[in-house]
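Read the structure below first, then the notes.
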Amino acid sequence: MPESNEEKSNFILAIINKDLDEGKNQGRIHTRFPPEPSGYIHIGHAKAILLNYSIARDYKGKFNLRFDDTNPIKEEQEFVDSIIRDIQWLGAEWEDRLFFTSDYFDTKYEFACRLIKAGRAYVCDLSPDEIRAYRGTLTEPGIDSPYRNRSVEDNLDLFSRMKNGEFLDGSKVLRAKIDMASGNLNMRDPVIYRVLHAHHHRTGDKWCIYPMYDFDHPFSDAIEGITHSLCSLEFTDNRPLYDWIVDNALELFPEAVKGRPRQYEFARLNITNTVMSKRKLRRLVEEGFVQGWDDPRMPTIAGLRRRGVTPEAVADFCDRIGVARSTSTVDMALLEHCIREDLNTKAHRIMGVLEPLKVVITNWPEDRVEWLELDNLPGNEDAGRHLAPMAREIYIEEGDFLEDPPKKYHRLSPGKEVRLKGAYIIKCEEVIKDSTGKVVELRCTYDPNTKSGEDSSGKKVRGVIHWVSAEHGLRATVRIYETLFLNENPDDTEEGQDFTDNINPHSLEVLNCIVEPAVEKYDRQSRFQFIRKGYFYQDPKDSSKDNLVYNQIVGLRDSWGKKNK
RNA sequence: UGGGGUGUGGCCAAGCGGUAAGGCACGGGACUCUGACUCCCGGAUCCGCAGGUUCGAAUCCUGCCACCCCAGCCA
């Protein structure tokens, strides 16, 4: 029984509970995550990783990380490294069970030979085009290959010569002999080994034949003793083949396998206003729509991490979206909610003015500086306080002043008062504009009797705005992000267009800001809430002590802005 | 005219014959030195549609409809 998820309920947990009740697999639970090292992993993979890992954890089972590296021409060490880093960051632990499907190439070769000896696999000389033609179509059955009935001796000989490099790429394949008339195309004598003279990132030049996924994957699961092999829906049609391979392994090569794995499929994750396929993400990177796999706008784990999202928030999100079999698209708002909820209790409050408007407090003495105490985490005494300097010249948010305010506006406007967070109440006395009519400076007066915590004025103002001393504030570049795509479904395009035509031209906005000097005391991994604005994180690549760069992780909810847009 | 899969409020998602959980979003209100947070309140007479079985169905049966996946020597 699971320890920590009594309320969780999904069809996979139901299957596991049932299997346990029935005593299957001697009560073992063993899952795995099998990435192909051919790209960066994204939040959709996080769903799969965390699902597999949490099942193992909650049921006191095991979780393997196994790279499915059967196709050397697509795979690289760089991706192995990035995937390991990303999964570690997510918190999934594979302990000492990091495997590569290529670790078992020798065993797999032996298994293939046993299939041949059992008359269940044959070497086929048909060209790729011919194989396709012989396969038939969705509505018509296929035709048997003319090589289907070669003798075991010939097949064994030919297969070993394939291994020895005697044949050109594409000239011969090993096929499972199943059923060319099956309604399921995967069962029409699937190719299980192909000739490929390519350098493998782990086995080097040892092999010039490589197994296909449908042969390799189920056998690897069986070798590792995986009990529940979870994958996404598009593999549903591969399941009969998965079972065929496992059944044969159990029958012909029992000493190589540890059990009888079962495959279960669930819907992959889609999120509104973004894309999740490796191919599309690659295009965004390669065609320069983003600045790399770790661009903070990308749904990759590397992108989320660089943006400042926490692994806890990602895990919570994956927890809340559920696991089911219906194709679905989760609202980006849920991810944002999970991020805010996580950061709300952790991120220290700092004042940062994103779009500065200068304010001169005319009755504040020229060289007076007053250090005011502000809570790091209001409502949490343990988080302590920090000091913010108040001086004659400060900056407030441009958007916190309106010359001609609408009803119910309780920020600053001519003749009106507002409280500076943690400081005094000020009153706008004069508005200074440039030649174009743009407001460039405000002249205000402050009320000395209204100091935060010691207010004896009896004044009640609704508005509280953030501010930063012009002299003491630190200059910083702030990057504000919007979704990468304008449409909820990026693939929803006009005739002749593709998803890149839906890219949001405002997905990145760069602002020159000014933040409280207190941020200097924190280490650079700290996440802050810039009061009334959002959560921010120092860009791990571009930020430095002399050149602060903050990424907005997510904005705060803004019911006022929403109401008035 | 093939095979596989899915349809529960705007978006996810429980439910497995006993009379529609929860979350997000949304709307209303309270609170507030963050218009944030928090806290209340609101909503499917109905579960793709149509029949049927049953005292009783989203849950069983039948027939439709819609959408998704499959014809790589990719995974």
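To find a chain, count down the sequence lines: A is the first, B the second, and so on, and within it residues start at 1.
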Open item on the list: Suppose we call two aromatic rings close when their centres sit under 6.0 Å apart. Are Phe111(A) and Phe215(A) close by that rule?
Closed with: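 Yes: the rings meet the under 6.0 Å criterion.
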
For [N], does OP1 or OP2 lie under 4.0 Å from any side-chain N or O of [X]?
| X | N | answer |
| --- | --- | --- |
| Ser326(A) | rC12(B) | no |
| Thr70(A) | rA75(B) | yes |
| Arg557(A) | rC37(B) | yes |
| Arg325(A) | rU6(B) | yes |
| Arg175(A) | rC73(B) | no |
| His337(A) | rC24(B) | yes |
| Arg194(A) | rC74(B) | yes |
| Ser9(A) | rG15(B) | yes |
| Lys8(A) | rG22(B) | no |
| Ser328(A) | rA13(B) | yes |

Using only modelled atom types and a 3.5 angstrom limit, is any donor from either the side chain of [X] or the base of [N] paired with an acceptor on the other?
| X | N | value |
| --- | --- | --- |
| Arg532(A) | rG35(B) | no |
| Arg349(A) | rU34(B) | yes |
| Asn184(A) | rG4(B) | no |
| Ser452(A) | rC33(B) | yes |

Just name whichever nucleotide pairs with [N], Watson-Crick or G-U, keeping both distances under 3.5 Å, else none.
| N | answer |
| --- | --- |
| rC55(B) | rG18(B) |
| rU38(B) | rA30(B) |
| rG43(B) | none |
| rC73(B) | none |
| rA66(B) | rU6(B) |

Check [Y] with [X], please: is the shortest side-chain N to carboxylate O separation under 4.0 Å?
| X | Y | result |
| --- | --- | --- |
| Glu234(A) | Arg268(A) | yes |
| Asp125(A) | Arg150(A) | yes |
| Glu373(A) | Arg385(A) | yes |
| Asp455(A) | Lys459(A) | no |
| Asp558(A) | Arg532(A) | no |
| Lys18(A) | Asp21(A) | no |
| Glu140(A) | Arg135(A) | no |
| Arg349(A) | Asp375(A) | no |

Looking only at side-chain atoms of [X], point me to the closest of [options].
| X | options | result |
| --- | --- | --- |
| Arg135(A) | rC73(B), rC69(B), rG35(B) | rC73(B) |
| Trp560(A) | rC33(B), rG72(B), rG35(B) | rG35(B) |
| Val464(A) | rU34(B), rC70(B), rG23(B) | rU34(B) |
| Ile531(A) | rC73(B), rU34(B), rG35(B) | rU34(B) |
| Lys74(A) | rU34(B), rC74(B), rG72(B) | rC74(B) |
| Leu138(A) | rG2(B), rA75(B), rA14(B) | rG2(B) |
| Leu185(A) | rG4(B), rG2(B), rG35(B) | rG2(B) |
| Val330(A) | rC12(B), rG35(B), rG72(B) | rC12(B) |
| Thr236(A) | rG4(B), rG35(B), rU34(B) | rG4(B) |
| Ala324(A) | rG2(B), rA14(B), rC24(B) | rA14(B) |

Round to a whole Å and report the spacing from [atom1] of [X] to [atom2] of [N].
| X | N | atom1 | atom2 | answer |
| --- | --- | --- | --- | --- |
| Arg188(A) | rC73(B) | CZ | P | 13 Å |
| Leu233(A) | rG7(B) | CG | P | 10 Å |
| Tyr210(A) | rC73(B) | OH | P | 18 Å |

Distance between the [atom1] atoms of [N] and [M], in whole angstroms?
| N | M | atom1 | result |
| --- | --- | --- | --- |
| rA57(B) | rA50(B) | P | 15 Å |
| rC47(B) | rA13(B) | C1' | 13 Å |
| rA20(B) | rG28(B) | C1' | 24 Å |
| rC40(B) | rG7(B) | C1' | 35 Å |
| rC49(B) | rU45(B) | P | 11 Å |
| rG51(B) | rC46(B) | P | 14 Å |
| rA14(B) | rG48(B) | P | 14 Å |
| rA71(B) | rC65(B) | P | 25 Å |

Open item on the list: Under a 3.5 Å cutoff, is there a donor and acceptor pairing between the side chains of Gln552(A) and Tyr537(A)?
Closed with: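 There is no such pair between these side chains.
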
Task: Lys451(A) vs Gly183(A), nearer the 5' end of RNA chain B by closest nucleotide - done: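 In this pair, the answer is Gly183(A).
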
Task: Given RNA chain B, 5'-ward residue of the pair Ala333(A) and Thr137(A), judged by closest heavy atom - done: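 First, find each residue's nearest nucleotide; the 5'-ward one identifies Ala333(A).
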
Using a heavy-atom cut-off of under 4.0 Å over every strand shown, decide if [X] touches base, sugar-phosphate, or nothing.
| X | answer |
| --- | --- |
| Met212(A) | sugar-phosphate |
| Leu126(A) | base |
| Arg419(A) | base |
| Val191(A) | sugar-phosphate |
| Gly453(A) | base |

- [ ] Determine if the base of rG43(B) is syn or anti; take syn to mean the glycosidic torsion is within 90° of 0.
- [x]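 Nucleotide rG43(B) adopts anti.
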
